[in-house]
Every structure is written in C-alpha cells, then in structure tokens.
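Here is the structure we will look at.
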2 protein chains.
Amino acid sequence: MERMKAPASTSGTAQAPQEPRWLTDEEQHVWRSFMEGVTLLDDHLDRQLQRDAGMPHVYYGLLVKLAEAPRRRLRMTELAMLAKITRSRLSHAIARLEKNGWVHREDCPDDKRGQFAVLTDEGYDVLRQTAPGHVEAVRQAVFDRLTPQQQKSLGEIMRIVAEGLQPAEAGADLPWLR
Amino acid sequence: MERMKAPASTSGTAQAPQEPRWLTDEEQHVWRSFMEGVTLLDDHLDRQLQRDAGMPHVYYGLLVKLAEAPRRRLRMTELAMLAKITRSRLSHAIARLEKNGWVHREDCPDDKRGQFAVLTDEGYDVLRQTAPGHVEAVRQAVFDRLTPQQQKSLGEIMRIVAEGLQPAEAGADLPWLR
DNA sequence: GGCTCCTCCTTGAACTTTAAACAAATGGTC
DNA sequence: GACCATTTGTTTAAAGTTCAAGGAGGAGCC
C-alpha cells in the first residue's frame, strides 16, 4: 500500500499532514522488486546456513565479525554495533552460540560491567568448514547474476541507504533515531 | 567470512570441492554494504510500522496484497506466494490479524480445503490511516537519497536477484529449490 | 467404490526476536 | 565521599518464525 486514495486536503491554512508523497508506478515497481529480492535472498541464505552450519545467517555473521577481530574477541556492545543488532538480541544469540561451544564469554579486566565474546577454536573450525558453501551460495544468488557495473551500483546504493539509517552516536542502543 | 584460508587442493584427479570462489575485496565491500543496508532498513521499517500500525512489516504487506486483490480476498496459498512466505507462516500471521479484526477467513465454495483471507473494513481503515506514514518512511530512507538512475538500477538488480531465487513451480511450498 | 498420490491449510513445539525492566559499574559533579 | 545520570549487559515475557507432522479434500486410475 504505497499508494492510496488521498484524504481531502484541509482548506484551513495550518494543515500539517500534507498530501502524502505516494510512490509513482516506477517507484512502486522498484520497491516491490527490492522487497521481493531481499525476502527471497534472506530466506535462501538462512536456509542454506541452517542446513550446512546449524545456525541462522545473523549468527554466522557474528562468528565472522569475531573471526576478524584482533584476538578473535569483541566487547558485546561493539559486536552489536558492527552486526547492527540490539544488545538484547546479541545476548540471546551469544548464549546460544556459547551452548554450541563456538563462542565463550570472558570478563573485561578494565570494565567490570563488560564482557568479551570470544570465538573458540571449534567456532573457527565451523566457520572454515562452512565458509566455502556460503560464499558459493552468495555468488550464485547475487554476484554471478550481475555485471561488474551492477555490482558496483548495488554497493553504492546500499551504502547510501545504510548511511542514512546509521545510529546518530555510537554507544546508543538500536532504537536509534526515535 | 566470505573469504578464508583455502584448504590445500587435493593432488588427485577427481577432487570435487574445488577451490572456493572467494569474494574479492570489492565484492566483499558490496556485500557488506548490502547486508548492512538491508538490516538497518528492515529494522527501521519494522519499528515504524510496529509503532504506527501495531504490526510488523510483513503483516502490513499482507494487508496490502489483500487490499489490491479483486474482492479484497485471496486464497491462502496465493497470498503466501505473493508475499513470498511459507503457508505455515501465513497461517500464524492471518490468525493474528484475524484476532485484530483486520482480516477474516472465509471458506472457499469450490474447494472445501480452501480458505480465503478477506480484508475487513477495519483492516482497510488501518491501511488507509497508516499508509501515508509508511510511504514517507520508505521515501526518506530510500528514494529521497537516490538519483533516478540509481532507483532504476536498484530495481533492475533486485529483480534479477529475485528471479534467480523464484520457486520452480507455483503451488510448491517455500523450501523451493531443495 | 476403493486406492493412491497430491494439494490445502493448520497445528504444536522449538527456536529467535522484540520490548521493557533491571542490577551493577562507571563517570562526572558537587 | 555522596549523588545522579549514563553505560553495560542480562533477563523476562510476549510475539513471531521455522520445522516437521498431520487431517481433510481433491484428482486420477483401477
């Protein structure tokens, strides 16, 4: 419903709502393709990783962030920000990954409130074993189908979108912007 | 983890796994921007609709599909396919929307197994009242930030991605492709 | 009719995510 | 030091999603 009958504009002078800026037909098509593609892709990758690695895509992404971090560890808040998820969600996720033995928590010496999420060797192994299959899935679904120019555009476009939704300040919780 | 140390290639003649086609640096940047943008956008719209319409984005999408359908009604399977979700998920979702009074089920006369999901007047009203705010959110997050050319590219690109992941045959359940 | 296979949709359990509330530690200010 | 606001991370419950299983109707075939 990106477009609908417009409400009669108030004849007064101080109307606030204004006429909604409905999407044009072209914009609607773009939006629907986008939502459709994202939905299908997300489900596809979730299924692929659930099957081959025993975890959803987001959890896999957490292990990746940890694997790339200095001592394969990150503070909870930092990991949450990198992965663009709330701290609450991260708490649950790490709890689950800990149960799998792929991550363990460690106290932060500097800040007694702090916790590090640390990638275990088992976690690293899971990543090493499942990464090839995952890249292949990403390639087949996305990169193999796009021209180099399209790949470049996609990157630029999504970077712009992401920037626009970035949290105002680091450290803030996710309900960033209102 | 779109890239990682490669396993030593087997020297035999019949190795299947092959060297994984890791992502190049550029591809990785594209992929990360994409995932980041999608995550932030999805969360943003979910929050916006949860706040203003009392339902997640997917549910809102279901009401939209119903509103556009001939007699504001669709068979469950068809709605599931249009929305790109499983029938199971749809069953739960419609149950919830029914509790809200925004949708109601109706038996299909032709096929006793069949059910129609029908948008109620209340459901339509919710849509009419919340659509302006939602379009505005979509505009601010996406269209206002992109040039017409970028909008066009985004549409083409995501249409290609979506097509590649489309279910083989209509009527099949979602675990389409394997 | 009886049989088999498929389709339509639902269900319940397990799992994940969200939202709100909270304890503990920190940091600045007086 | 005492105070108060902020930050960190967790917890609880409710909501949503997934997965596997299943009841019931339809469709083709004998």
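Just the heavy atoms: all of them, side chains too, but no hydrogens, waters or symmetry mates, feed the values below.
- Close to dT18(C), at under 4.0 Å from its OP1 or OP2, lies a side-chain N or O of R89(A).
- A 4.5 Å side-chain heavy-atom check between R96(B) and W102(B) finds at least one atom pair inside the cut-off.
- With respect to the salt-bridge test (charged N to carboxylate O, under 4.0 angstrom), the residues R72(B) and D121(B) qualify.
- Under a 4.0 Å N-O distance rule, the pair K65(B)/E78(B) does not qualify as a salt bridge.
- By the 30° and 60° cut-offs, the orientation of the rings of H57(A) relative to Y60(A) is tilted.
- The distance between atom NZ of K84(A) and atom P of dT17(C), rounded to the nearest whole Å, is 17 Å.
- Nucleotides of DNA chain C nearest to H92(B) and R75(B) differ in position, and the one nearer the 5' end is that of R75(B).
- Formation of a donor-acceptor pair under 3.5 Å by the E36(A) side chain with backbone atoms of K84(B) is not found in this model.
- Each of dT16(C), dT18(D), dT10(D) was ranked by its minimum atom distance to the side chain of D43(A); first place goes to dT18(D).
- Computed from coordinates, the R47(A) CZ to dT17(D) C1' distance equals 11 Å when rounded to whole Å.
- Taking a 4.0 Å limit (strictly below) on heavy-atom distances, residues 99-115 of chain B reaches DNA chain C at R105(B), R113(B), G114(B), Q115(B).
- Taking for each of R96(A) and Q50(B) the nucleotide of DNA chain C with the nearest heavy atom, the 5'-most of the two is the partner of R96(A).
- In the interface, the side chain of S88(A) is not paired with the base of dT17(C) through any donor and acceptor atom under 3.5 Å apart.
- Atom P of nucleotide dT7(D) and atom CE of M81(A) are separated by 12 Å, given to the nearest angstrom.
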Please tabulate the protein-to-nucleotide N/O contacts below 3.5 Å involving nucleotides 21-23 of chain C, giving atom names and distances.
none

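- Contact annotation: the side chain of E122(A) never approaches that of V126(A) to less than 4.5 Å [non-hydrogen atoms, C-beta and beyond].
- D42(A) has its CG atom 12 Å from the P atom of dT17(D), to the nearest Å.
- Distance CD1 (I85(A)) to C1' (dG9(D)): 13 Å, rounded to an integer number of Å.
- Listed nucleotides: dT8(D), dT11(D), dT11(C). Nearest to the side chain of S91(B): dT11(C).
- For A83(A), the side-chain contact (heavy atoms from CB on, under 4.5 Å) partners are L62(A), I85(A), not counting sequence neighbours.
- The CG atom of L74(B) sits 14 Å away from the P atom of dC8(C) (whole-angstrom rounding).
- The shortest heavy-atom contact between L165(A) and L40(B) is CD1-C, 3.7 Å.
- Per the geometry, CZ belonging to R87(A) stands 15 Å off P belonging to dA19(C), to the nearest Å.
- Atom pair L49(A):CG and dT18(D):P shows a separation of 14 Å (rounding to whole Å applied).
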Kindly determine whether D52(B) and Q48(B) satisfy side chain to side chain donor-acceptor pair (under 3.5 Å), including the steps that lead there. CA-CA 6 Å; D52(B) 299 344; Q48(B) 184 266 316; 3.1 Å; yes
